[in-house]
Every structure is written in structure tokens, then in C-alpha cells.
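Data block below; observations after.
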Amino acid sequence: MNTVRFWIQNSRSNALPQSLLPAFLAVAMAFRQPDFSMSLSILAIGGVVLGHLGLNLWDDYFDYRRKETAYRDKMARAGIRARIAKCSYLTSGAATIGQLRNACLVFCLLALLIGLILFLSRGIFILYIGLITGFLGLSYSGNPLRLSYRGLGELLVGFMFGPLLMAGVYYSACGQLDLSVILVSIPVGLLVANILYTHSIMDFEPDKSVGKMTLAVLLNNKKAMLLILTVFLFLPFLLIGYGIMAACLPAYYWWVMGIFPMALGLFYFMIKYIKYPTQEIDRYFWMGPMNNWEKIKGTGIEWFMIRWYLARNLLSIFCLVILLLNVIYSV
């Protein structure tokens, strides 16, 4: 049990809401379909969790093998505040690279086993989703594509945790695919990508100084960064509105627009960051929960975390609102 706990803790399990919430939302949307299966839905969610944790560990494995984690040491030596010590369990000697590889294989083999059960139950579409997800997930930092080192990591994660994940879970749950889940999965994917993109804007200077390629570094222009940010923040709401007016989504989805001010608020705070990076901003109730806030303030990185939390909470509340609407109107 200690070994299992060790690898779960070091597989960045705190990021699981980014995959769990879209998965739960897909199940809630599939609930009213005639061939809905709760047991297969639970299996699909379990596969998502195992796959997410496994791919996080593979990311560490490929990074460590290529010594890419050294960029944070360079940042620290340059006097730049690095926020997350990646692969610290390897650099500290708590685990070896071989043990990490074995943990990656265990997580992914368990996910593969669940995928096999879903494939036998639902058919070939699950196989296609699994193969595409596995290939793209390994290509995030692994050869041959290494997309996260070409400035495409944010877009890849958004595609995987939005359309791919929700289509796979929805199909596993009810055995069919519907336009409504596609119209919702794209906004979800954009908001997932926005979490990473918001991070990359705030880390633009340190990432650029050490040659770490993110979408923000690829753009290399602060006006262009804000333009792309409008796509990540505002297009999700436009797509939901379009889906309702085109009669592809139910009218009660208009309630989602109630959280649009959160997107506006984040956009405003990111403009302030680009213009006045050291200026403090106040925390408000509408920003949502921010764990260990007093401890964060003590470390002096609240300027970073308040924006990151807001991006994360925007995704979470977006998913939860649509999920609850589906539950309420299906009763």
C-alpha cells in the first residue's frame, strides 16, 4: 500500500479533476440514453484515472531521460522563481528511473485491461479512441513527436481531455455518440487547455530564457498571447450558445452563461499581469476555492496561484453546472 500511495502522490494526482470532471460530465450526458450502463461508466472513469496517472508518469520518465527537468535548476540559479520541482522523487533518490518505468507500465496496463473490457462490450470505436489517446499521450513528451517541446502541449492536452476523453467515456456509457457531447467536449477541452496556457503566459520569461517551448513562447508576442487567450476563454461560451440556438443542446444550458463573468475576470487579471506583473490583486469569493491560501501567501507566489486557481475553477464550475443541469432535468 505504501508503494501504491507513493506512486499516486508522485503522479500529480492533484490534477485528476481535469480528467475526472469531463468524464463525470460525459456520463451525466449519456444517462438518459436507452443503452446506458452504470457499470461500464464506472469502468470508463477508472480507465481515465489510471491512464491520466500513467501518462503523467511517462511524462516524467521521458523528461528525466532527456534531462529536461534541469531547466528548473537553471531558473533557480538565475534568480527566477520556479514553482514546481518536477521529478523530485527521482532527483532525491526516493525512486530509480527503472522503478518509474515499471510504475508507468503498471498504470497503463491496468488502463489497457479496462479498455479491453470496454472494447469487448461496446465495439471497435473504443479501440480507436484508446489507440489515438495512447499515441498522443506518449507523444506529449516522448519520441517521435515530443509535442510539448514544440509549443503544442496545451492544445494536445485540451484535445485529449476534451473531445477524446468525453467521446470515449460517453460511448462506453451508452454505446453511441451524439452531437451534443461533441459540442460540449470542445468547450471543455478549451478550458482544460486554458489552465496550461494561463500558466505558460505567466512563465513566459523564465521558459523563454531556458529554451522551454510552450504555446506562449511559440507566439513570442504578448498581444498575440492575449488574442489566443480570448479563444480559450470565450469560445466555449459561444459554442454552447450556438448549440442551443441550433437546437443541438437543450435550452436549460443557458444557465452556463452565469459563470461567464469568471472568464471575463480571468481575462482582466491576465491583462493586468502582462502590463503590471508585480501588482497584487485581491481574492474574491466568486473566484472559487483556493486551497492552502495562507501558506501560498507565505511563499510569495499568490500572484501566480490566484490566476492558476481561477483558471482551474472556471473549468470545474463549467463542468459541474452542465453536469448538475443534466441530473436535474433527467429526474
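FYI, the numbering just counts along the sequence from 1.
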Determine whether the aromatic ring centres of Y276 and W303 lie less than 6.0 Å apart.
->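 No, they do not, as the ring centres are separated by 6.0 Å or more.
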Would you confirm whether the ring centroid of F107 sits within less than 6.0 angstrom of the ring centroid of H52?
->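 No, the ring of H52 stays outside the 6.0 Å limit from the ring of F107, centre to centre.
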Working to the nearest 0.5 angstrom, can you tell me the gap between [X] [atom1] and [Y] [atom2]?
| X | Y | atom1 | atom2 | value |
| --- | --- | --- | --- | --- |
| L118 | I129 | CG | CD1 | 12.0 Å |
| I195 | N313 | CD1 | CG | 9.0 Å |
| Y242 | C248 | OH | SG | 6.0 Å |

In terms of ring plane angle, is the pair F234 and F260 parallel, tilted or perpendicular, where the classes change at 30° and 60°?
->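 If you compare the ring of F234 with that of F260, the planes turn out tilted.
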If only atom types and distance count, is the side chain of S41 paired as donor or acceptor with the main-chain N or O of S37 below 3.5 Å?
->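 At least one qualifying donor-acceptor pair exists.
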Exam field: side chain R101 to backbone T96, donor-acceptor pair closer than 3.5 Å =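 A pair under 3.5 Å: no.
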May I ask you to test the F31-V27 pair for a side-chain heavy-atom distance under 4.5 Å?
->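 In short, these two side chains do not touch, never coming nearer than 4.5 Å.
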Can you tell if the side chain of Y89 reaches within under 4.5 Å of the side chain of L100, non-hydrogen atoms only?
->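 Answer yes - side chains close enough.
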No-hydrogen, no-angle side-chain donor-acceptor test under 3.5 Å, S11 and N56 =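 No donor-acceptor contact under 3.5 Å links the two side chains.
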Heavy atoms of other groups near W254 CH2, more than 12 under 6.0 Å =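 Yes, the 6.0 Å shell around CH2 holds more than 12 heavy atoms from other groups.
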Crowding at OH, Y252 (>12 non-hydrogen neighbours, <6.0 Å) |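 Above 12, so yes.
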With P187, the side chain to side chain contact (heavy atoms under 4.5 Å, CB included) member among I322, L239, V256 |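 The passing option is L239.
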